[in-house]
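Single-structure report; data block below.
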Amino acid sequence: MTQLAQPSPATRYHLSAPGILRSEWIKLRSLRSTWISLVVAAVLAIGLGVLFSALRGNDFSHHGVIPGPFFDPVAVSLRGVYLAQVAVGVLGVLLITGEYSTGMIRASLTAVPRRAPVLLAKTAVYAVASYVVAVVATFFAFLGGQAALGAYGFGVSLSSPGALRAVFGGALYLMVVGLLGLGLGFALRNTGGAIATLFGLLLILPALAQALPSSWQDHIDKYLPMTAGTQIMVTKPDAGSLSPWTGLLVFACYALAALVAGAIVLRRRDA
Amino acid sequence: MPARCRAAYRSGVIEAEALSKRFGSKLAVDRLTFTVRPGVVTGFLGPNGAGKSTTMRMLLGLDRPTGGSSRVNGKRYVDSAAPLHEVGALLEARAIHSGRSARNHLRALAATHGIGNRRVDEMLALVGLESVARKRAGGFSLGMGQRLGIASALLGDPQTLILDEPVNGLDPEGIVWIRTLLQRLAGEGRTVFVSSHLMSEMALMASHVIVVGQGRLIADAGIEELRSQAARDTVLVRCAEASRLAAAVSGEGVTVTASPDGALHVAGASSAQIGRAALAAGIALEELTPVRASLEEAFMEITKDFVEFDTVTGGTR
């Protein structure tokens with residue numbers, strides 16, 4: 001029969017930061033929803049980027065129009081990110097609300113009773129994993145999109161101004177959407193509530209802002225999460241919008257606020 | 001490994017001191033103070049809703065006490081450098097992600113403490129889940145879920161085990177298995193703290209019991225001690241002249257009850273005393289059998305004032 005007691009010294013097992021990171025990595029990759037969400041995100045970003053680029057190129061050439069100075073071929077090829085963010089954001093929420101709904105959280109917090117390291121490790125692991133997938137997605141969306149536009153003579157290369165920043169920054173945008181979802185999941189502990197809040201912030205807030213008087217809109221709109229965050233993928237900005245990196249920083253502050261709220265809830269409330 | 005070989009910081013003692021937990025207006029745990037020692041299986045008994053699960057969750061730092069404190073190995077559980085190595089826990093509800101395989105569930109928990117895959121596979125074999133190790137835990141029966149919970153509790157080779165209703169959902173074979181396992185673990189010098197609402201189960205497993213009702217401590221005693229204190233042993237007597245015998249044995253502290261089949265149950269007198277009284281009165285006895293009070297009766301007796309919803313009022317918990 002299996003030995004229950006280990007012959008080695010009692011100090012053999014102990015909690016460690018690398019151990020907790022490894023644990024979260026195992027948790028992330030051992031769920032089918034992770035792979036489905038990330039593959040769907042990549043397929044949406046690439047597929048829609050190429051599709052939109054082809055449609056725009058065809059539209060221009062069909063009508064014999066020469067694109068104006070505000071035509072942004074980089075942004076067009078990265079347009080699929082707007083839909084890919086749904087998959088990345090939902091997965092961010094599920095990574096923690098799935099633990100609450102199944103009871104797994106009790107096992108996680110019994111192993112790591114200090115709790116905060118669980119949030120930090122989940123954040124780090126998902127940040128890396130979502131960024132790696134997102135950067136592959138934005139890279140191929142850009143290449144594919146520019147190839148599609150190039151067929152009509154409107155494509156640009158990675159060396160054109162802002163292109164590289166848009167590709168790598170667009171992936172950062174996706175990553176931050178995921179972390180915003182994760183933070184909301186920790187704060188609300190409920191899948192439905194956190195997903196509704198996430199997309200309320202990203203998609204409904206700009207729609208509501210449009211109801212404001214236009215003098216207010218100019219001051220508020222550019223700071224809204226998605227408006228600010230997506231500036232990173234724009235190479236022909238509108239007047240008055242935030243600069244790409246300022247915009248992304250503002251967006252990251254929303255995610256940070258959600259994660260801080262999540263950390264407070266995690267520490268204070270009974271699990 | 002005997003307890004004395006273990007380092008002092010793994011003394012294995014669980015201490016609760018005036019532990020309290022309030023949920024809104026309901027005081028779920030009311031100033032509980034007790035100590036659980038290594039080397040024996042200690043039962044944690046009480047009717048449903050008595051606060052057993054909440055107490056165990058507070059010991060593990062999952063619920064924050066409203067008052068009081070608890071320590072394992074002399075310190076708070078959250079301050080442990082190796083929580084899974086000090087305490088292995090099985091909680092009342094399932095604590096397993098349904099989408100993950102049994103093996104990956106254990107691997108994820110093991111990783112936090114640097115516990116290797118070999119130990120994971122050993123634990124799966126120990127609880128008899130190796131054939132379904134790579135299946136999603138969502139499809140597991142209640143009993144299989146319990147076995148996986150036991151495997152995760154044992155993962156860190158813990159000095160102390162805190163198990164909430166471990167026999168729940170197990171088949172008779174599984175119940176015998178866990179009883180043997182827990183007694184063996186206690187025999188190795190570990191602390192085994194097991195909750196149950198079934199005294200009959202504890203009677204077979206535990207040698208010490210802590211009984212709670214409505215969040216309060218009712219008894220903290222050895223199982224034999226509890227049996228003798230709470231319920232009186234009786235003597236079953238049969239004879240042709242029941243009413244004469246009843247009069248003959250009656251006296252201070254003696255109660256005689258007659259059952260419909262004509263037998264008498266005498267409490268407060270030994271079978272020898274009854275035999276002498278019968279002889280003196282010239283009554284021929286047909287049967288004279290000492291009846292030991294069951295632990296179940298003892299348990300019912302001491303918790304009768306603490307049952308939150310009994311069947312008479314129609315509520316069930």
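Values in this document were obtained by computation on a predicted structure and should not be read as measured data. Each chain gets a letter, A, B and so on, in the order its sequence line appears, and its residues count up from 1.
- Each of B:Asn104, B:Leu60, B:Val87 has some count of heavy-atom pairs under 4.5 Å with chain A, and the biggest count is that of B:Asn104.
- Residue A:Phe139 qualifies as open at atom CZ: its count of foreign heavy atoms under 6.0 Å is 12 or below.
- Other residues, nucleotides and ligands contribute only 12 or fewer heavy atoms inside 6.0 Å of the CZ atom of A:Phe140.
- Crowding of B:Arg134 atom CZ: a count of heavy atoms from other residues, nucleotides or ligands under 6.0 Å not exceeding 12.
- Per-residue heavy-atom pair counts under 4.5 Å with chain B were compared for A:Glu99, A:Glu24, A:Arg115, and the maximum is reached by A:Arg115.
- Counting heavy atoms from C-beta on, the side chains of B:Asp79 and A:Arg114 come closer than 4.5 Å.
- The 12-atom threshold is exceeded at CZ of B:Arg71, counting heavy atoms of other residues, nucleotides or ligands nearer than 6.0 Å.
- Only the backbone of B:Ala81 comes within contact range of chain A, judged by heavy atoms closer than 4.5 Å.
- Residues A:Ala111 and B:Pro83 share a closest heavy-atom pair of O-CG, 3.7 Å.
- Taking each heavy atom of B:Ala108 and A:Ser23 in turn, the nearest pair found is O-OG, 2.7 Å.
- The pair A:Asp270-B:Arg57 fails the salt-bridge criterion, with no side-chain N (NZ, NE, NH1 or NH2) lying under 4.0 Å from an Asp/Glu carboxylate O.
- Residues B:Arg136 and A:Arg32 are in side-chain contact: their nearest non-hydrogen atoms beyond the backbone lie under 4.5 Å apart.
- A ring-centre distance under 6.0 Å is not found for B:His113 and A:Tyr13.
- In this structure, the side chain of A:Arg106 engages the main chain of B:Arg94 through a donor-acceptor pair within 3.5 Å.
- The closest side-chain heavy-atom distance from B:Leu62 to A:Ile105 is not below 4.5 Å.
- Taking CZ of B:Arg64 as the start and CZ of A:Arg267 as the end, the distance is 7.5 Å to the nearest 0.5 Å.
- When heavy atoms are compared at a cutoff of 4.5 Å, B:Leu84 approaches chain A solely by way of its side chain, counted from C-beta outward.
- Atom CZ of A:Arg22 is surrounded by 12 or fewer heavy atoms from other residues, nucleotides or ligands within 6.0 Å.
- Within the 4.5 angstrom heavy-atom criterion, atoms from both the backbone and the side chain of B:Ser98 approach chain A.
- The number of heavy atoms from other shown groups lying within 6.0 Å of CD (B:Glu17) does not exceed 12.
- Contact count versus chain B (heavy atoms, under 4.5 Å) is highest, among A:Ile26, A:Leu109, A:Ile20, A:Leu21, for A:Ile26.
- Counting heavy atoms from C-beta on, the side chains of A:Met104 and B:Arg100 come closer than 4.5 Å.
- For B:His97 against A:Thr102, the heavy-atom pair with the smallest separation is CA-OG1, 3.5 Å.
- Each of A:Ser16, A:Ala107, A:Ala17 has some count of heavy-atom pairs under 4.5 Å with chain B, and the biggest count is that of A:Ala107.
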